[in-house]
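I have placed the structure first, in the form of structure tokens, so that the comments after it can refer back to it.
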Amino acid sequence: MSKLLIVGTVAFDAIETPFGKTDKILGGAATYIGLAASNFNIPSAIVSVVGNDFPAEYIEMLQKHNIDTSAIEIVPDGKTFFWSGRYHNDMNSRDTLETQLNVLENFNPVVPEAYKDAEIVMLGNLHPLVQLSVLEQMDAKPKLAVLDTMNFWMDIALDDLKKVIAKVDVITINDEEARQLSGEYSLVKAARVIEAMGPKYVVIKKGEHGALLFNNGQVFFAPALPLEEVFDPTGAGDTFAGGFAGYIAKSEDISFENMKNAIIQGSNLASFCVEKFGTERMQELSRTEIGNRLQRFKELTQFEIELS
């Protein structure tokens, strides 16, 4: 198995959905990515920053999931990044109510020595220059570098974003972001334009409608599992990315065929994430549950047809 280096936010969220609302709870891209990837029993580490208001029990919980937290910087007089949002009734759209960058504003990531040779690097949603800094600290080019980003960086730091996109192997974004980045409405055309920017693989997330994987003219579609109830979509995309990267690190196979499996693994874990608020569901997940739901994914997509 390969080592996985995760870079992203470890944060507080306050969430409101049609099913209820929370006060400050544990969130952040790196948190969801790390918890998802931990299901594959791989060595992993999170590079992030928090303030002195961040509870030690959260760090301990990550450690219990065998995640190396030594590179989570704690700023003694700082406050942890905070995001608050309200989801609409369709659960696909949301309004940001408040964003407090706090310690994230001056975050300079430091990759731990033990992970400078990590074969898989997962760059969670952060400023592109922070992501680029991490790649530049690696001893050698990773076997696979995966980038997650969002429209916010396309709006305010597009040139910097293009620099880091040119250096990664996989980019994961949602359909709206793919259209904005490429200037193309067709996702097939959008993926082609984004591939030309550097990544060999383009993953376009479509929420409850699944995900698409593009590579050099090849396309794979993975459905999302139909769920009776979705309580909180926050972190589902990051959980997907963590499952994807974690499975690749476990299998050590970066072929297009194996990435199909990684997409399903990511979709499977994301289907659990939305069942409770925040990271609660991901903290308590069992191997049996994961295996049983993978079987449901297989039944959902497997069929036989005669081709004449």
Side-chain angles (χ1 to χ4, degrees), residues 1-11 13 26-50 54 58-74 80-81 103-104 107-128 130-139 141-150 164 167-173 203 234-252 254 262 265-266 269-270 273 279 282-283 285:
M1 68 182 70
S2 299
K3 286 192 283 190
L4 172 64
L5 178 67
I6 301 161
V7 185
T9 53
V10 174
D13 291 338
L26 177 62
T31 308
Y32 285 102
I33 292 167
L35 288 173
S38 71
N39 289 290
F40 299 98
N41 289 328
I42 52 167
S44 67
I46 289 177
V47 177
S48 193
V49 62
V50 296
F54 195 76
Y58 288 164
I59 298 286
E60 291 165 5
M61 181 276 295
L62 293 172
Q63 292 170 346
K64 284 177 182 175
H65 282 80
N66 296 316
I67 300 167
D68 185 333
T69 62
S70 61
I72 298 180
E73 179 188 355
I74 301 174
T80 302
F81 175 75
V103 292
L104 200 62
F107 176 43
N108 292 308
V110 178
V111 176
E113 288 296 329
Y115 277 81
K116 285 187 175 181
D117 61 349
E119 297 90 344
I120 312 296
V121 175
M122 179 68 231
L123 301 171
N125 180 30
L126 277 174
H127 194 292
V130 174
Q131 296 172 321
L132 197 59
S133 164
V134 169
L135 290 179
E136 290 170 348
Q137 291 179 55
M138 303 303 289
D139 287 340
K141 188 179 186 303
K143 187 176 179 182
L144 196 77
V146 185
L147 169 74
D148 190 46
T149 191
M150 66 183 298
V164 70
K167 293 184 177 293
V168 300
D169 305 290
V170 183
I171 182 171
T172 71
I173 50 178
V203 178
T234 310
D238 297 313
T239 300
F240 171 90
F244 177 88
Y247 179 78
I248 295 291
K250 177 75 171 180
S251 61
E252 297 188 310
I254 60 172
Q265 294 279 357
L269 290 170
C273 177
T279 62
M282 299 310 296
Q283 291 183 42
L285 208 48

### Task
Begin from the C-alpha positions of Val50 and Ile72 and carry the test side-chain contact (heavy atoms from CB on, under 4.5 Å) through to its verdict.
CA-CA 7 Å; Val50 296; Ile72 298 180; 4.1 Å; yes

So [Y] and [X], do their side chains get closer than 4.5 Å, heavy atoms only?
X      : Y      : answer
Leu62  : Gln283 : no
Leu104 : Leu126 : yes
Ile120 : Lys3   : no
Val146 : Leu123 : no
Leu5   : Ser44  : no
Glu73  : Val110 : no
Phe54  : Ile59  : yes
Ile173 : Thr149 : yes

Look only at the side chain of [X] and the backbone of [Y], and say whether a donor-acceptor pair between them is shorter than 3.5 Å.
X      : Y      : value
Ser48  : Gly8   : yes
Thr239 : Cys273 : no
Gln137 : Val111 : yes

Taking all atoms of both residues into account, what is the closest heavy-atom pair of [X] and [Y], and its distance?
X      : Y      : answer
Ile42  : Met1   : CA-SD, 3.7 Å
Tyr115 : Met138 : O-CE, 3.3 Å
Gly124 : Ile33  : CA-CD1, 4.0 Å
His65  : Met282 : NE2-O, 4.2 Å
Gly243 : Leu269 : CA-CD1, 3.7 Å
Ala118 : Pro142 : O-CB, 3.9 Å

Quick check for you: to the nearest 0.5 Å, what is the distance between [X] atom [atom1] and [Y] atom [atom2]?
X      : Y      : atom1 : atom2 : answer
Ile254 : Glu119 : CD1   : CD    : 11.0 Å
Gln265 : Tyr247 : CD    : OH    : 6.0 Å
Asp139 : Asp117 : CG    : CG    : 6.5 Å
Gln63  : Ser70  : CD    : OG    : 9.0 Å

### Query
Step by step, would you call Thr9 with Thr31 a side-chain contact (heavy atoms from CB on, under 4.5 Å)?
CA-CA 7 Å; Thr9 53; Thr31 308; over 6 Å; no

### Lys143 atom NZ: more than 12 heavy-atom contacts under 6.0 Å
yes

### side-chain contact (heavy atoms from CB on, under 4.5 Å) partner of Met122, the single match among Asp148, Ile248, Asp238
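Of Asp148, Ile248, Asp238, side-chain contact (heavy atoms from CB on, under 4.5 Å) with Met122 is met by Asp148 alone.
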
### Task
Could you walk me through whether Val170 and Phe244 pass the side-chain contact (heavy atoms from CB on, under 4.5 Å) test, one step at a time?
CA-CA 11 Å; Val170 183; Phe244 177 88; 4.2 Å; yes

### Message
If you apply the rule side-chain contact (heavy atoms from CB on, under 4.5 Å), what do you find for Val7 with Gln131, and how did you get there?
### Response
CA-CA 8 Å; Val7 185; Gln131 296 172 321; 5.9 Å; no

### Test item: side-chain donor near acceptor, Asn66 and Ser38, under 3.5 Å
no

